[in-house]
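First the structure, in the form of structure tokens, and then the observations on it.
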Amino acid sequence: MKIYNTLTNKKEAFEPLENNLVRMYVCGVTAYDDCHLGHARSAVVFDVIRRYLTFRGYQVKFVRNFTDIDDKILNRAVEEGIPWNEVSAKYIEAYSHDMNRLQVSIPDVEPRATDHMQEIIEMIKALVEKGHAYRIDGDVYYHVPSFEGYGRLARRNLDELQAGARVEVDERKRDPMDFALWKGAKPGEPAWQSPWGPGRPGWHIECSAMSIRHLGETFDLHGGGKDLIFPHHENEIAQSSAVTGKAFAKYWLHNGMVTVDEEKMSKSLGNFFTIKDIFAKSNSSESITAETLRYFLLSTHYRSDLNFSNQAVSAAKAALDNLYGLFQRLEEPTCGETADTKSFQGMIEGFKSAFLHAMDDDFNTPKALGEFQRLRSEVNGYLQSGLSKGSRKNVLETFPQLGEPLGLFQMAPKEWEFRPMSFAVTQPGLQADSGQILTDDWIERQVQKRVEARERKDFATADQIRKNLAAQGITIEDRPDGTSRWKR
RNA sequence: GGCGCCGUACCCAAGUGGCUAAGGGAGCAGUCUGCAAAACUGCGAUGCAGCGGUUCGAACCCGCUCGGCGCCUCCA
């Protein structure tokens with residue numbers, strides 16, 4: 001298996017530090033607002049990485065944190081007029097809800113900064129003792145020049161950084177690059193007791209403290225969005241290695257940004273789409289919307305940026321329609337039995353090995369999805385001439401089995417709906433009475449009436465029924481034997 | 001200004017030194033069908049931003065140019 005490591009800037013053979021145990025930490029979110037598609041991408045990408053490692057036989061311990069104390073949370077509390085810890089609790093709940101809808105599996109540990117104050121304070125104390133941090137009044141700063149390897153991850157040197165510094169420099173700091181480990185509390189702010197007086201931790205230290213607490217001083221994988229490389233991950237390394245004297249994470253993985261009109265999706269630009277909104281505006285069921293979003297998110301390699309558009313999501317939905325269409329046909333009773341052919345077995349095996357090969361190469365999900373599509377096309381070809389029951393079953397099991405690491409193809413084919421996906425009300429007339437209110441029984445009766453009409457060659461009636469159903473978003477497909485299937 | 005990434009067909013997107021440049025969406029044509037739908041088959045980049053260079057051979061390596069983006073500030 002090969003994994004691209006930001007630390008070395010190249011793909012490396014993946015070798016866990018300890019046998020087949022993989023310890024991975026991913027930076028989660030600051031709980032002060034609903035999460036958007038960018039947050040979701042990071043969560044889905046690392047969910048897939050975790051699932052695939054597990055699928056490959058590794059024992060994975062996966063930790064993803066919540067930042068539940070931070071300036072933005074405090075600001076939000078003032079805005080909403082509620083206590084700060086209600087803000088974080090509310091948005092942690094919202095995040096968990098969204099991740100659950102997106103079928104993102106729950107990490108083994110979801111640590112929160114406020115539950116690790118002891119570890120954080122101990123770590124800062126150690127940094128002060130070792131001369132890597134200093135106190136100014138109630139604040140504690142990390143002294144960046146005291147750490148020799150600073151800038152290695154982001155491939156920058158201190159001179160360059162200072163030349164480009166855009167922040168107003170706090171004159172009290174020994175170096176402009178120094179960052180806060182501990183912030184003394186201002187009146188009215190929440191505070192924890194510390195050797196430097198009441199206050200709260202800076203952002204970067206919590207990830208160091210929590211990852212070491214749950215995974216040990218050196219662990220295998222550390223992930224997050226690529227916008228965290230600098231300064232967040234650079235600072236994590238500086239803090240952690242300065243305390244332990246050991247290497248921190250062995251492999252650093254970073255996902256690309258989600259963009260809108262080629263610009264990074266972000267709060268500050270205001271060009272973000274929340275997961276909540278996307279689900280609310282979707283004309284499909286929650287599970288179908290979730291699978292479509294996952295397919296969309298995995299259709300670009302995790303390290304590249306991914307542009308969000310209605311068209312791109314629709315393409316993902318259409319691609320899934322074709323796959324679920326095949327599943328549906330495979331489940332139908334066979335008319336003619338044909339014997340298994342050698343070439344069929346070979347084709348399935350060829351697919352499996354192509355899938356593994358793609359995923360083993362730095363989790364190349366777009367390539368893997370391409371292989372699934374190729375399998376679909378192959379199986380459809382076999383279906384033209386006939387496929388044995390055993391082979392049908394084989395295919396029907398292969399998709400969910402290999403789709404599991406991607407979190408795809410877990411749905412029963414009959415639950416799938418084939419209507420084009422949209423996120424807004426496009427055609428009010430059609431939208432208003434789309435399939436949802438129609439019961440399967442009612443549709444079934446309509447279809448049966450049409451079958452009977454066709455039997456007596458009353459095509460006018462048959463076509464009228466088909467037209468009516470089409471207006472409700474129901475598609476009819478006639479089989480050669482005179483029966484019909486329908487799809488929402 | 002510094003550091004880094006990217007530019008592959010109408011759209012999305014793999015491929016990063018050597019078979020006919022994966023796959024999906026959209027489109028067109030054919031087979032099938034009462035007509036459809038679906039499926040299948042075929043068509044679609046003599047070329048991978050442009051220009052040079054290295055090489056027996058380059059989308060892939062090197063250089064320059066143009067264009068886009070990210071980070072350098074909170075950020076997934």
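Each chain gets a letter, A, B and so on, in the order its sequence line appears, and its residues count up from 1.
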Give one of base, sugar-phosphate or nothing for [X], where a contact means two heavy atoms less than 4.0 Å apart.
{"X": "A/I229", "result": "nothing"}
{"X": "A/A319", "result": "sugar-phosphate"}
{"X": "A/G28", "result": "sugar-phosphate"}
{"X": "A/R479", "result": "nothing"}
{"X": "A/G38", "result": "base"}
{"X": "A/K72", "result": "base"}
{"X": "A/R374", "result": "sugar-phosphate"}
{"X": "A/R454", "result": "base"}
{"X": "A/D71", "result": "nothing"}
{"X": "A/H301", "result": "sugar-phosphate"}
{"X": "A/V258", "result": "base"}
{"X": "A/K267", "result": "nothing"}

Between [X] and [Y], is any pair of side-chain heavy atoms under 4.5 Å apart?
{"X": "A/K317", "Y": "A/S284", "value": "yes"}
{"X": "A/L153", "Y": "A/F230", "value": "no"}
{"X": "A/Q446", "Y": "A/W486", "value": "no"}

Expressed in angstrom and rounded to an integer, what is the separation of [X] atom [atom1] from [N] atom [atom2]?
{"X": "A/Y302", "N": "B/A76", "atom1": "OH", "atom2": "C1'", "result": "14 Å"}
{"X": "A/W416", "N": "B/A38", "atom1": "CH2", "atom2": "P", "result": "17 Å"}
{"X": "A/D227", "N": "B/C69", "atom1": "CG", "atom2": "P", "result": "17 Å"}
{"X": "A/N157", "N": "B/C72", "atom1": "CG", "atom2": "C1'", "result": "12 Å"}
{"X": "A/Y295", "N": "B/G23", "atom1": "OH", "atom2": "C1'", "result": "8 Å"}
{"X": "A/L298", "N": "B/C12", "atom1": "CG", "atom2": "C1'", "result": "14 Å"}

Notebook entry, point to check: If you write RNA chain B from 5' to 3' in dot-bracket form, with Watson-Crick or G-U pairs under 3.5 Å, [ ] for crossing pairs and | for pairs with another strand, what do you get?
Noted result: ((((((((.[[[..)..(....]]].(((((.......))))).....[[[[[..)....]]]]])))))))....
Side-chain N or O of [X] closer than 4.0 Å to phosphate OP1/OP2 of [N]:
{"X": "A/S299", "N": "B/A13", "result": "no"}
{"X": "A/K264", "N": "B/C71", "result": "yes"}
{"X": "A/N255", "N": "B/A76", "result": "no"}
{"X": "A/N364", "N": "B/G15", "result": "yes"}

Checklist line | Along RNA chain B (nearest heavy atom to each residue), the more 5'-positioned of A/Y4 and A/T259 | finding: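 Closest to the 5' end, via its nearest nucleotide, is A/Y4.
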Notebook entry, point to check: Where each residue is assigned the nucleotide of RNA chain B containing its nearest heavy atom, which of A/S304 and A/E477 is assigned the position nearer the 5′ end?
Noted result: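 Upstream on the strand: A/S304.
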Ignoring the backbone of [X], work out which of [options] is nearest its side chain.
{"X": "A/T30", "options": "B/G34, B/A76, B/G24", "value": "B/A76"}
{"X": "A/T300", "options": "B/C40, B/A14, B/A76", "value": "B/A14"}
{"X": "A/R155", "options": "B/G34, B/C3, B/G23", "value": "B/C3"}
{"X": "A/A462", "options": "B/G34, B/C40, B/A76", "value": "B/G34"}
{"X": "A/P231", "options": "B/C72, B/A22, B/A76", "value": "B/C72"}
{"X": "A/R156", "options": "B/A22, B/A76, B/C3", "value": "B/C3"}

Is it the case that [N] (base atoms only) and [X] (side chain only) share a donor and an acceptor within less than 3.5 Å, ignoring hydrogens and angles?
{"X": "A/N9", "N": "B/G4", "value": "no"}
{"X": "A/R466", "N": "B/C35", "value": "yes"}
{"X": "A/N307", "N": "B/C69", "value": "no"}

Check: A/F372 and ring pair (Phe, Tyr, Trp, His ring centres under 6.0 Å): which partner among A/F355, A/Y324, A/F327?
Finding: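 When ring pair (Phe, Tyr, Trp, His ring centres under 6.0 Å) is applied between A/F372 and each of A/F355, A/Y324, A/F327, only A/F355 qualifies.
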Margin query: Ring of A/F46, cation from A/R64 - is the NZ or CZ under 6.0 Å from the centre and inside 45° of the axis?
Written below: no
Notebook entry, point to check: Hey, what's the ring geometry for A/F14 with A/Y251, parallel, tilted or perpendicular (30° and 60° as the breaks)?
Noted result: tilted
Next item on the list: Using the six-membered ring wherever Trp is involved, compare the ring planes of A/H232 and A/H204 and label them parallel, tilted or perpendicular (cut-offs 30° and 60°).
Entry: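 Plane angle between 30° and 60°, so tilted.
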Notebook entry, point to check: For the side chain of A/Y142 and the backbone of A/A238, is there at least one donor-acceptor N/O pair under 3.5 Å apart?
Noted result: yes
Margin query: So does A/N394 get a backbone contact from the side chain of A/T398, meaning a donor-acceptor N/O pair under 3.5 Å?
Written below: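 Yes, because the side chain of A/T398 sits within donor-acceptor range (under 3.5 Å) of the backbone of A/N394.
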Notebook entry, point to check: Rounding to the closest angstrom, what is the interatomic distance between B/A45 and B/C35 at atom P?
Noted result: 33 Å
Check: Does the distance from a Lys or Arg side-chain N to an Asp or Glu carboxylate O, for A/K11 and A/D361, drop under 4.0 Å?
Finding: yes
